[in-house]
Amino acid sequence: MTRVFSGIQPTGEPHIGNYFGAMRNYVRLGEQYGQNAIYCIVDLHAPTNPLAYDPATLSNLTFEMALANMAVGLDPQKVVFFVQSQVREHAELGWIFTLSTPVGELERMTQYKDKAGKLESIPAGLLMYPVLQAADILLYKADTVPVGEDQVQHIELAREIARRFNHQHGDTFPEPKAVLEKEALRVPGVDGHGKMSKSKGESSTIGLLEPLGSIWAKIRPAPTDPARVRRSDPGNPDICLVGDYHRLFSDDATLLEITDGCRTAGIGCVDCKKRLMVGVERELTPIQARAQELRATPDAVLGGLEHGAQRARAIAAPIMDEVRSKMGFLSGRAPVPGH
């Protein structure tokens, strides 16, 4: 039986990188696997990076991330969708896994090195982040994990943690595998500098629920192929940020038209961006309309999350009982002498 798990951080406004890289994949796998698709807003991870964490906004960002996923099409009645901190077993299993995870393995994590290099004082939680991530997955004995390309190293560590626990305590956990959304592994930032990321701020991101006028204000000055100095200069859409976005938003006919138009200088960059906005509007308008409906009925969002947390706890409880028993912890029953 396949069981899917993935988590998304509530550390900023959901953007199109989240949408194309993860959220659409959540919906697709949810339609395929139903209640064996488990998705979690990982709010316990948010405080591990002090540069991105603000306790005054975490609750609202968590709600907005839930709302955005539901607006995209994630149905909390069909899948298990909840907030991580509302299922306490995540933290318990995370602690158990830290007991056998070598510090050296954690210090080799690329994301840890990148984030730690920006801090004067490094919290232990930043180092232990991927251990808790492994617990998030293995708590449900999930074997399929839709993630972004930058999380593949963490999934490899989760596999190693599962192997180590199984070797020490008997066969317990599957070794999870990463599933990537191949059409959109790395959505570039609108500033043209690397991957779209919440850590770079709003100027680099196109928000999933951002007003279309604001999106156009970012796309209009966005960099294009530097070879196109004049309108009559041909360009290469394969190395153009706007070409990348067309491959996400535009239909095949439009993509063929702008590709040929760019290479022959038959279309200017501003017109190319205007054609892009047609696809952006077509893709995002229904999502934003659904988000507006959900925002008017917040109890529907909160109720869906609570329903998901109840189902998550029901799955996690017997698995944690199994883990506690194999670890030798005292249960509610009197121990049998000699066992």
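All heavy atoms count here, side chains included; hydrogens, waters and symmetry mates do not.
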Evaluate salt bridge (Lys or Arg N to Asp or Glu O under 4.0 Å) for Arg313 paired with Glu306, printing each intermediate quantity in order.
CA-CA 10 Å; Arg313 288 191 289 264; Glu306 175 53 32; 3.2 Å; yes

Please evaluate residues Asp238 and Arg263 with respect to the criterion salt bridge (Lys or Arg N to Asp or Glu O under 4.0 Å), reporting the C-alpha separation (whole Å), side-chain torsions for both, the decisive distance (0.1 Å), and the verdict.
CA-CA 10 Å; Asp238 294 335; Arg263 295 188 191 281; 2.9 Å; yes

I would like to know whether Phe329 and Val323 meet side chain to side chain contact (heavy atoms under 4.5 Å, CB included); could you show each step before the answer?
CA-CA 9 Å; Phe329 297 142; Val323 170; over 6 Å; no

In sequence, state the C-alpha distance, the side-chain angles, and the governing distance for Val80 and Tyr140, and then conclude on side chain to side chain contact (heavy atoms under 4.5 Å, CB included).
CA-CA 11 Å; Val80 180; Tyr140 304 98; over 6 Å; no

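Follow the hydrophobic side-chain contacts under 4.5 Å out from Ile41 and you never reach Leu44; the two are in separate clusters. At a threshold of 4.5 Å between side-chain heavy atoms, the hydrophobic network of Ile, Leu, Val, Met, Phe, Trp and Tyr places Leu74 and Leu61 in two separate groups. Cluster annotation: Met23 is connected to Phe249 through the hydrophobic network of ILVMFWY side chains, with a link wherever side-chain heavy atoms come within less than 4.5 Å. Residues Leu294 and Leu208 are members of one and the same hydrophobic cluster, defined by side-chain heavy-atom contacts under 4.5 angstrom among Ile, Leu, Val, Met, Phe, Trp and Tyr. The hydrophobic cluster containing Val301 does not contain Leu58, counting ILVMFWY residues as joined when their side-chain heavy atoms lie under 4.5 angstrom apart, directly or transitively.
Between Glu92 and Arg88 there is no salt bridge, since none of the side-chain N atoms of the basic residue sits less than 4.0 Å from a carboxylate O of the acidic one. A salt bridge links Arg324 to Asp321: one of the charged nitrogens lies within less than 4.0 Å of a carboxylate oxygen. With respect to the salt-bridge test (charged N to carboxylate O, under 4.0 angstrom), the residues Glu156 and Lys177 do not qualify. Checked for salt-bridge contact, Glu257 and Arg275 meet the test: a charged N lies under 4.0 Å from a carboxylate O. Salt-bridge annotation for Arg164 and Glu105: present, with a side-chain N of the basic residue lying under 4.0 Å from a carboxylate O of the acidic one. Using a cutoff of 4.0 Å between basic side-chain nitrogens and carboxylate oxygens, Asp233 and Arg230 are scored as salt-bridged.
The closest donor-acceptor contact from the side chain of Arg247 to the backbone of Val242 lies at 3.5 Å or more, if one exists at all. The main-chain N or O of Gly73 is never found under 3.5 Å from a side-chain atom of Arg290 such that the two would form a donor-acceptor pair. Side chain of Arg159 to main chain of Pro176: a donor-acceptor pair is present (N/O by atom type, distance under 3.5 Å, no hydrogens or angles). In terms of modelled atom types and a separation under 3.5 Å, the side chain of Asp225 and the main chain of Cys240 share no donor-acceptor contact. Thr48 places a side-chain N or O within donor-acceptor distance of the main-chain N or O of His45, the cut-off being under 3.5 Å.
Inter-residue side-chain proximity for Met196 and Ile206 is flagged as met; some heavy-atom pair is nearer than 4.5 Å. Val179 is not listed as a side-chain neighbour of Val145, based on a closest heavy-atom distance of 4.5 Å or more. Using a 4.5 Å heavy-atom cutoff, the side chains of Ile96 and Met320 are in contact. When side chains are defined from C-beta on, Thr57 counts as touching Asp54, because their heavy atoms get closer than 4.5 Å. The closest side-chain heavy-atom distance from Cys40 to Gln84 is below 4.5 Å. Within the 4.5 Å cutoff, the side chain of Arg295 has heavy atoms near those of the Glu64 side chain. Counting only heavy atoms from C-beta outward, the side chains of Leu29 and Asn25 approach each other to under 4.5 Å. Residues Gln292 and Leu209 are not in side-chain contact: their nearest non-hydrogen atoms beyond the backbone lie 4.5 Å or more apart.
Atom CZ in Arg3 sits 10.0 Å away from atom CD in Gln35 (nearest 0.5 Å).
At least one cation-pi condition fails for Lys78 and Tyr33: the charged atom is not both under 6.0 angstrom from the six-membered ring centre and inside a 45 degree cone around its axis.
Defined by atom type and a distance below 3.5 Å, a donor-acceptor pair is present between the side-chain atoms of Asp43 and Ser85. No side-chain donor-acceptor contact under 3.5 Å links Arg163 and Asn166. Donor-acceptor pairing under 3.5 Å is recorded for the side chains of Ser214 and Glu210. In this structure, a donor-acceptor pair under 3.5 Å is present between the side chains of Gln151 and Gln133. For Thr11 and Tyr53, the side-chain atoms include no donor-acceptor pair closer than 3.5 Å. In the model, Tyr19 has a side-chain atom that pairs as donor or acceptor with a side-chain atom of Glu283 under 3.5 Å.
Shortest non-hydrogen contact noted between Ile155 and Ile137 is CD1-CD1, 3.7 Å. The two atoms that bring Lys326 and Asp171 nearest to each other are NZ-O, 2.9 Å, heavy atoms only.
Using a 30° and 60° split on the angle between ring planes, Phe82 and His90 fall in the tilted class, from 30° to 60°.
Around the CZ atom of Arg220, the shell of radius 6.0 Å holds no more than 12 heavy atoms that belong to other residues, nucleotides or ligands.
With sequence neighbours left out, the salt bridge (Lys or Arg N to Asp or Glu O under 4.0 Å) criterion links Asp271 to no other residue. Residues forming a salt bridge (Lys or Arg N to Asp or Glu O under 4.0 Å) with Arg108 (at least two apart in sequence, or on another chain): none.
No close placement of the Tyr39 and Phe81 rings is indicated, their centers lying 6.0 Å or farther apart. Ring centroid separation for the pair Phe165 and Phe173 comes in under the 6.0 Å cut-off.
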